[in-house]
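Right, one structure below, let's go through it.
Here is the naming used below: chain letters follow the sequence lines, and residue numbers restart at 1 for every chain.
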2 protein chains.
Amino acid sequence: MAFKGQAEYSVDSKGRVAIPAKMRKSMSPAANETFTITRGFEDCIFLYPMDRWSSIEEEIEELSMYDREVRNFVRLIMRWASEVSLDGQGRISIPNPLLDFAELNGSALILGAFDHIEIWDPDQFDGYLNEQPDDYETLAESVMR
Amino acid sequence: MAFKGQAEYSVDSKGRVAIPAKMRKSMSPAANETFTITRGFEDCIFLYPMDRWSSIEEEIEELSMYDREVRNFVRLIMRWASEVSLDGQGRISIPNPLLDFAELNGSALILGAFDHIEIWDPDQFDGYLNEQPDDYETLAESVMR
DNA sequence: GGACAATTCCCCACATTTCCCCACGCGGCT
DNA sequence: AGCCGCGTGGGGAAATGTGGGGAATTGTCC
């Protein structure tokens with residue numbers, strides 16, 4: 001089941017954020033209430049359920065560490081990655097480095113994004129939207145063919 | 001399980017550095033809390049769990065020592081290599097030659113890098129990042145196809 | 001070959017951080 | 001109106017990183 005929807009929740013003083021109940025329910029039991037959280041593209045945080053993440057790891061495993069670009073990429077993706085599990089209240093705690101990276105302070109925008117969940121600082125997301133040259137209709141044309 | 005995450009820890013006067021608990025836990029028991037530590041690529045130190053290292057040794061074994069380049073490479077990689085084990089507090093001690101090579105003094109950046117752990121001097125790593133021409137998004141496109 | 005010095009290894013103790021559990025309040029559903 | 005689910009906040013206990021001391025080992029010099 002794909003992740004859908006959005007919510008704006010608070011980030012408490014310990015760096016914890018609630019994951020919307022609807023998204024929690026659309027996770028496979030195989031994920032064991034556990035995510036791999038890492039740096040996303042464009043200033044946000046990605047949250048992959050464990051079962052989905054393991055297929056990404058398989059892709060990375062195919063790469064050759066003797067290639068400079070590969071090393072660079074692996075350093076960037078793995079450096080920010082860590083495993084996080086839901087606590088009894090359905091929250092995760094975001095590691096400090098990622099809090100800084102995404103410039104989260106006080107509140108967070110949680111987005112369902114098909115195979116993963118994204119966490120944005122609300123202001124950063126506004127900025128991102130304004131930067132995009134193409135509107136929804138144009139994008140659909142070029143992406144969906 | 002792959003190595004993930006980053007941490008900035010201190011290198012004490014005896015050349016000891018703690019390995020983050022999360023990385024220790026993602027090691028196979030077959031590694032027996034032992035690493036092969038050696039010179040890495042791009043001014044850092046590589047730390048391979050024993051079980052992973054033995055597969056690298058198998059790769060090297062396939063190479064022909066009658067090839068000049070092979071001899072050269074083998075000298076470079078094996079010269080710096082040594083076995084280190086975790087002490088009771090989850091630390092390793094870094095051999096002096098490698099401390100000098102990586103220009104470590106006082107603090108170290110520990111990076112999870114999938115099949116190995118990297119140890120950087122924080123300033124060196126900053127420099128490395130700044131040298132890279134491509135950003136994360138561009139790298140991902142070209143590396144992950 | 002033996003004694004000394006230096007280094008390495010292992011163990012213990014402390015301070016901080018992280019993790020897990022419990023309690024409250026708001027809102028929607030029955 | 002009452003109940004249950006959901007997001008929010010805080011406190012206590014265990015785990016984690018840091019520093020230092022003493023014993024065993026190694027290498028060196030006489």
Side-chain angles (χ1 to χ4, degrees), chain A residues 3-27 32-37 45 47 50 80-100 104-112 117-122, chain B residues 3-27 32-37 45 47 50 80-100 104-112 117-122:
Chain A
F3 293 115
K4 311 186 239 301
Q6 63 176 334
E8 186 166 340
Y9 288 163
S10 65
V11 182
D12 68 19
S13 57
K14 296 180 179 177
R16 295 178 298 189
V17 188
I19 302 299
K22 289 187 182 169
M23 298 187 192
R24 296 201 301 259
K25 285 174 186 163
S26 61
M27 286 177 69
N32 198 26
E33 304 210 320
T34 303
F35 298 91
T36 293
I37 186 172
I45 295 172
L47 219 47
M50 202 194 213
W80 301 97
S82 68
E83 281 199 356
V84 292
S85 293
L86 293 170
D87 67 9
Q89 282 75 302
R91 292 172 294 192
I92 57 161
S93 56
I94 303 178
N96 282 333
L98 283 172
L99 282 176
D100 294 343
L104 289 175
N105 39 344
S107 66
L109 193 62
I110 325 285
L111 300 184
I117 294 172
E118 300 193 348
I119 302 178
W120 289 77
D121 175 72
Chain B
F3 293 116
K4 317 184 235 301
Q6 61 180 330
E8 187 168 339
Y9 288 165
S10 64
V11 182
D12 68 19
S13 55
K14 297 179 181 178
R16 295 178 299 187
V17 187
I19 302 299
K22 293 195 179 155
M23 298 187 193
R24 296 199 303 258
K25 285 175 185 163
S26 60
M27 286 177 70
N32 198 26
E33 305 209 321
T34 303
F35 297 91
T36 293
I37 187 171
I45 296 173
L47 221 47
M50 204 194 212
W80 300 92
S82 66
E83 282 200 356
V84 292
S85 293
L86 293 170
D87 68 8
Q89 282 71 268
R91 293 173 293 194
I92 56 160
S93 53
I94 303 178
N96 282 332
L98 284 171
L99 280 176
D100 294 342
L104 289 175
N105 39 346
S107 66
L109 193 62
I110 325 286
L111 299 186
I117 294 172
E118 302 191 347
I119 302 178
W120 290 76
D121 175 72

_Partner residues of A7(A) under the side-chain contact (heavy atoms from CB on, under 4.5 Å) criterion, sequence neighbours left out_ = Y9(A), P20(A)
*asked:* Without decimals, in angstroms, what is the distance between L86(A) CG and dC21(C) P?
replied: 14 Å
Considering only nitrogen or oxygen atoms on both sides, find all protein atoms under 3.5 Å from nucleotides 6-9 of chain D and state each distance.
{"from": "dC6(D)", "atom 1": "OP1", "to": "K25(A)", "atom 2": "NZ", "distance (Å)": "2.8"}
{"from": "dG7(D)", "atom 1": "OP1", "to": "Y9(A)", "atom 2": "OH", "distance (Å)": "2.5"}
{"from": "dG7(D)", "atom 1": "OP2", "to": "R24(A)", "atom 2": "NH1", "distance (Å)": "3.3"}
{"from": "dT8(D)", "atom 1": "OP1", "to": "S10(A)", "atom 2": "N", "distance (Å)": "3.4"}
{"from": "dT8(D)", "atom 1": "OP1", "to": "S10(A)", "atom 2": "OG", "distance (Å)": "3.4"}
{"from": "dG9(D)", "atom 1": "N7", "to": "R91(A)", "atom 2": "NH1", "distance (Å)": "2.9"}
{"from": "dG9(D)", "atom 1": "O6", "to": "Q89(A)", "atom 2": "NE2", "distance (Å)": "3.2"}
{"from": "dG9(D)", "atom 1": "O6", "to": "R91(A)", "atom 2": "NH2", "distance (Å)": "2.8"}

_List the residues meeting side chain to side chain donor-acceptor pair (under 3.5 Å) with N32(B), not counting sequence neighbours, and say none if there are none._
none
_Just to verify, what does E8(A) make a side-chain contact (heavy atoms from CB on, under 4.5 Å) with, not counting sequence neighbours?_
S107(A), L109(A), P122(A)
*Got a sec, which residues hit side chain to side chain donor-acceptor pair (under 3.5 Å) with S85(A), two or more places apart in sequence or on another chain?*
T34(A)
*Is there a side-chain contact between I45(A) and L104(A) (heavy atoms, below 4.5 Å)?*
yes
*Rounding to a whole Å, what distance do you find between N96(A):CG and dT16(C):P?*
17 Å
Show each protein N/O and nucleotides 25-30 of chain C N/O combination with a separation under 3.5 Å, one pair to a line.
none

*Can you check the K14(A) NZ to dG10(D) P distance for me, whole Å?*
9 Å
*Go through the structure and list residues passing ring pair (Phe, Tyr, Trp, His ring centres under 6.0 Å) with W80(A), not counting sequence neighbours.*
F101(A)
*For E33(A) and dC20(C), what is the distance between atoms CD and P respectively, to the nearest whole Å?*
12 Å
_Restricting to side chain to side chain donor-acceptor pair (under 3.5 Å), what partner residues turn up for D87(B), sequence neighbours left out?_
R91(B)
*By side chain to side chain donor-acceptor pair (under 3.5 Å) - contacts of D12(A) (at least two apart)*: R16(A)
